[in-house]
2 protein chains.
Amino acid sequence: MSEKITIYDIAKKLNITAATVSRALNNNPKIKESTRELVIKTAASMNYKQNKLALALKSGRSNNIGVIVPRIDSNFFASVIRGIEEELHPHGYQVIICQTHEDPKRENENLYTLIDAQVDGILMSVTDITNENTGAFHYVLEKNVPLIFFDRSKHIDGVSSVTINDFKGGYITTKHLIDEGCKSIAHFSGDQSLEIFKSRFLGYKQALLDNGITFNEEYVIRTKSSVESGKEAVNALLQLKTPPDAIFSSSDFAALGAIQELKDKNISIPKEFCVAGFSNEPFTKFMELSITSVDQSPLEMGKMSARVFLEQVDKTDTIKIEKKVVLAPELHIRKSSSRSTI
Amino acid sequence: MSEKITIYDIAKKLNITAATVSRALNNNPKIKESTRELVIKTAASMNYKQNKLALALKSGRSNNIGVIVPRIDSNFFASVIRGIEEELHPHGYQVIICQTHEDPKRENENLYTLIDAQVDGILMSVTDITNENTGAFHYVLEKNVPLIFFDRSKHIDGVSSVTINDFKGGYITTKHLIDEGCKSIAHFSGDQSLEIFKSRFLGYKQALLDNGITFNEEYVIRTKSSVESGKEAVNALLQLKTPPDAIFSSSDFAALGAIQELKDKNISIPKEFCVAGFSNEPFTKFMELSITSVDQSPLEMGKMSARVFLEQVDKTDTIKIEKKVVLAPELHIRKSSSRSTI
DNA sequence: TGTTACATTGCAAACGTTTGAGATATAAAT
DNA sequence: ATTTATATCTCAAACGTTTGCAATGTAACA
């Protein structure tokens, strides 16, 4: 049943050689038009399909690209992947996805596996920037496989990245809270070994300074990206001698947790307390008390990463162009921080 | 820089043949222990990496599996993919993802592309069951590549599937609404050419009949899975001579739209009107007025699909085992339909 | 010493394609 | 008629593995 037919089968049928068949199918100009047509026609009639694996082995290119993310079931990463897939699909690339679950070991393992599987490029979001074991990354670079970071990046020579301006995201959000009349603004931060969280924090801090508000170390709390974590954090804040009157959270989930807890304590939002999140998760705009949040345009980020990859691939120049694309964050102001419109 | 080293390089260095190297590395018992150790050691020292493409060409197995979904940036599909990836990763499979955007043409194209890329199996959610052009599916089956449907399935001989019991999902949800005292229950349905929507509708209908409520054709509205569509639909319902007092929606998004519109019209939920959705999207439990919804356990569905694939692969028996796994839906009762707890 | 058995290793084909270099044929130019 | 150029095609190697079969070596046994 369904035996694989190769260019040899076509060649035998037409009494020509496999090389001619190959050239005919690849539109090589050295082939006479009439034979080309004949080959193409009989190839079709014999239901010939090119063996991609053989081609990959011969050419060394698999037409696969690898994408590594912490996890795929998050709106942000799923959207980025969608962008990547949509941009690369027309170019004949298939997308292989890997998850790290925030584990540097898994990250390394995925990198090695992808390279060993001969992918033509790797697009990834780093899990832990402090991980000094950059062996896997250099393994990628040695093999001359384009490597592109998106969102969570790491400074490595010759590696391009597509990120958003997290500093600005933190800045404009904090500024917005100040403009709404908030006097003491707290901050929920993620793991600051990741540059995105560091930058959001610095943007927050700078906005405070620029507006004459003294920075208070006590107001910065390390949270995880979960509702529960947000609840715990806001409770810690409320037990301070001088609790804040606003929160800029690096996570929409933590922001939601804070809001739920504040409501439980009958603290009115946004009148007494304002909250803003980050990522523009779908639920933030669905809530009755919709949540102000920073949009990271994940779809665009994915497409842009893919485009950077396309520029990079095929450039066999040893002079790698290191491209740094920085997208602009967009603050979506909603009820959780809109005192003016009430 | 970084020349590819092959088993021939190792062989040359040790003055043995490549075949021996290959066997040594693959733990073939015909190789003397001492040479095996020697080979392994020098392979490591030379930084040898097996060429997966060559292996794939030789064996005909790529160690890739394809996953086709309508779109990846939906919580449900992303979670299924996560489940698939986590189950298959330990077995050395990589996951290639493709999107159809509900377009049967794209679906066919993806099927052909994946087969041509020599994947070892295809796990997919169908876009349109009425699509009579089953050529691509048979192409897959001819090649003897395991094909497994998840969630949205299609009846094809020899194809396994992993779904949830949508009929039951529709039934228990409707029954729940009846138990809460709702007398006239409307239904938002998706494209009934898809079995999942047909089944949910039938479950809904059956529950009505079993409880002495006459089925009313007017109460069934075809919606898209969007907030906007839900708003339009509920408005249509409210303009009927005898509007319903509850909605069982096949989409959480449409359910949300309905709720927003009902609130706008000052109709109290759940006192005057109950709403229940389907899919258990994250936002349903985050809302202040949390939304009752049917959980489809996507993670479990993904893992189960992967397991079915693993059972199927390697079974070169022409007798294909056609396995139909049906998971149980779980109703998460929340505020939007809980009159009793108020 | 010759035979047998067994453990190791080598040889070469196979997977299906691409591609540089050589071969043949055809036509044009001298 | 001989050379030159060009168009078209064939040969064979290469990509890096795996694997059936043959070959070698060694030890035991008769």
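Below, chains carry the letters A, B, ... as their sequence lines are ordered, and counting in each starts from 1.
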- C:dT8 OP1/OP2 closer than 4.0 Å to side-chain N/O of B:Thr35: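 False: B:Thr35 side-chain N/O out of range (4.0 Å or more) of C:dT8 OP1/OP2.
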- Hey, is A:Glu85 close enough to A:Arg82 for a salt bridge, meaning N to O under 4.0 Å?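 Answer for the salt bridge query: no.
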- Is the closest basic N to carboxylate O distance between B:Glu86 and A:Arg71 below 4.0 Å?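 Salt bridge flag = no for A:Arg71 with B:Glu86.
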For [X] and [N], give me the distance from atom [atom1] to atom [atom2], rounded to whole Å.
X: B:Leu57; N: D:dT19; atom1: CG; atom2: P; value: 13 Å
X: B:Asn15; N: C:dT9; atom1: CG; atom2: P; value: 13 Å
X: A:Leu14; N: D:dT10; atom1: CG; atom2: C1'; value: 15 Å
X: B:Leu25; N: D:dG16; atom1: CG; atom2: C1'; value: 13 Å
X: B:Arg36; N: C:dA7; atom1: CZ; atom2: P; value: 14 Å
X: A:Lys12; N: C:dG16; atom1: NZ; atom2: P; value: 12 Å
X: A:Glu33; N: D:dT8; atom1: CD; atom2: P; value: 10 Å

- Message: Nearest 0.5 angstrom please: B:Leu147 CG to B:Ser161 OG, how far?
- Response: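 These two atoms lie 10.0 Å from each other.
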- Query: At their closest point, which heavy atom of A:Pro70 faces which heavy atom of A:Arg152, and how far apart are they?
  - Reply: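 It is CG-NH1, 3.5 Å.
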- Worked check of side-chain hydrogen bond (donor to acceptor under 3.5 Å, both in side chains) between B:Tyr139 and A:Asn47: CA-CA 11 Å; B:Tyr139 184 57; A:Asn47 230 315; 5.9 Å; no
- Are any non-hydrogen side-chain atoms of A:Val39 and A:Ile16 less than 4.5 angstrom apart?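 Yes, close enough: below the 4.5 Å cut-off.
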- Mind checking A:Leu53 for me? I need base, sugar-phosphate or nothing, with any heavy atom below 4.0 Å counting as a touch.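 The residue A:Leu53 makes no contact with any strand.
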- Message: Any base atoms under 4.0 Å from A:Asp9, or only sugar-phosphate, or nothing? Heavy atoms, all strands.
- Response: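 It contacts nothing in the nucleic acid.
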- Would you give a per-nucleotide map of nucleotides 17-24 of chain C, 5' to 3', where B means the base has a protein non-hydrogen atom under 4.0 Å away, S means only the sugar-phosphate does, and - means neither? BBBBB---
